Amino acid sequence: MLLGPPGAGKGTMAGGLANSAGLAVFVTGDVLRAAIAGGSELGIKVKSTVEAGRLVDDETILSLAQEFLRTHSQGALFDGFPRTIKQAEGLRSLLSAEDELRVVYLDTSKETIVARLGARRVCPECGRIYNVRFKPPRNDEICDDCNASLICRKDDTDEVIKSRYELYLAETAPLVNYFSEELLKVNGDLPGEEVLEIVRGELCPA
Ligand code: AP5
């Protein structure tokens with residue numbers, strides 16, 4: 001699983017790691033945003049919570065994770081889950097004795113996060129993540145892969161970024177201690193390619 005504050009690069013790493021690690025990727029934020037865009041019952045329930053940058057209730061998230069693990073038994077990469085101690089306990093209870101849990105913690109400064117999130121753009125079609133400062137598309141605000149116009153996430157405003165970060169410190173940062181036995185700490189302030197190389201070297205040795 002990938003652990004770290006908003007903007008640490010969890011989604012970027014998940015995109016880079018999924019193929020090499022041969023893992024099915026569970027991105028809670030993407031699942032919730034897709035539900036909102038599709039207008040499903042789940043989407044209607046979580047819309048205001050997600051757009052305000054608050055946490056969706058543990059029960060809803062755990063049932064999504066349980067369903068994902070039930071249908072992907074070959075190995076999974078979690079981006080954005082778990083995010084509370086209760087979710088972490090729920091994850092442990094879903095794993096069997098043979099399962100191996102590895103936690104990559106992207107230790108990233110607040111200054112880095114603020115700089116990155118204000119410049120993030122996302123493709124609404126394929127979900128590819130860009131950054132107009134650090135990882136721009138080839139053509140201005142257009143996805144390299146599917147030619148769609150890139151968008152800003154609704155929770156990437158200055159005010160919501162600040163409250164997401166505060167919520168991270170209160171609810172999610174305690175997981176660094178909770179998972180101390182399984183933790184690989186990586187400097188998330190480094191450029192993306194360097195972070196990916198370190199994480200790949202640890203998780204997918206040649
Ligand atoms: P979610 O989508 O998971 O948001 P988040 O955790 O706030 O994380 P982000 O997606 O903002 O950041 P990231 O670390 O993935 O960074 P990224 O790779 O995009 O969740 C959204 C919402 O859903 C939550 O607020 C909540 O409401 C709900 N939710 C989700 N999971 C939940 C759960 N378990 N429980 C309850 N509620 C839940 O990178 C950011 C930018 O920086 C990009 O532009 C990227 O190009 C750039 N970048 C990344 N790495 C680097 C680098 N090393 N160098 C330079 N630029 C970089």
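All ligand and atom numbering here is 1-based and tracks the order in the structure. Remember, it's a predicted structure, so these values are computed and weren't measured experimentally.
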Next on the checklist: Is there a polar contact between ligand 1 and Thr12, counting only N or O atoms under 3.5 Å apart?
Outcome noted: yes
Checklist entry - For ligand 1, is there an N or O atom under 3.5 Å from any N or O atom of Phe81? => result no
Checklist entry - So, Ser96 and Asp99: side-chain donor and acceptor under 3.5 Å apart, yes or no? => result yes
Checklist entry - Which ligand 1 atoms does Tyr130 reach within 4.0 Å, using its non-hydrogen atoms? => result 43 (C), 44 (O), 46 (O)
Item to check | Shortest reach to atom 51 (C) of ligand 1 by a heavy atom, considering only Lys135, Arg116, Glu51 | outcome: Arg116
Next on the checklist: Out of Ala65, Gly80, Pro6, who is nearest to atom 34 (N) of ligand 1 when you count heavy atoms only?
Outcome noted: Gly80
Item to check | Protein residue, atom and distance nearest to atom 23 (O) of ligand 1, heavy-atom basis | outcome: Leu32 CD1, 3.7 Å
Checklist entry - Quick check: does Phe134 get an N/O under 3.5 Å from an N/O on ligand 1? => result no
Next on the checklist: Surrounding CD of Glu59 (heavy atoms of other residues, nucleotides or ligands, distance under 6.0 Å), is the total greater than 12?
Outcome noted: no
Next on the checklist: Take a 6.0 Å sphere around CD of Glu141 and say whether it holds more than 12 heavy atoms from other residues, nucleotides or ligands.
Outcome noted: yes
Checklist entry - For atom 24 (C) of ligand 1, what is the nearest protein heavy atom, given as residue, atom name and distance? => result Arg83 NH1, 3.9 Å
Checklist entry - Of the choices Gln87, Glu194, Lys10, Lys154, which has the non-hydrogen atom that lies closest to atom 35 (N) of ligand 1? => result Gln87
Checklist entry - Crowded around Glu41 CD? As in, over 12 foreign heavy atoms under 6.0 Å? => result no
Checklist entry - N/O of Gly9 under 3.5 Å from N/O of ligand 1, yes or no? => result yes
Checklist outcome for this item: Nearest non-hydrogen protein atom to atom 26 (C) of ligand 1, with distance, is Arg54 O, 3.2 Å
Next on the checklist: For ligand 1, which is the ligand I care about here, please tell me if Arg121 has any N or O atom under 3.5 Å from one of the ligand's N or O atoms.
Outcome noted: no
Item to check | For atom 15 (O) of ligand 1, the protein heavy atom that lies nearest, with its residue and separation | outcome: Gly11 N, 2.8 Å
Checklist outcome for this item: atom 19 (O) of ligand 1 has as its nearest protein heavy atom Arg120 NH1, 2.6 Å
Checklist outcome for this item: Taking every heavy atom of Val25 against every heavy atom of Ala14, the minimum-distance pair comes out as CG1-CB, 4.0 Å
Next on the checklist: Below 3.5 Å, N or O to N or O, backbone or side chain included: is there any such pair between Met13 and ligand 1?
Outcome noted: no
Checklist entry - Numbering the atoms of ligand 1 from 1, which are under 4.0 Å from a heavy atom of Leu190? => result 52 (C), 53 (N), 54 (N)
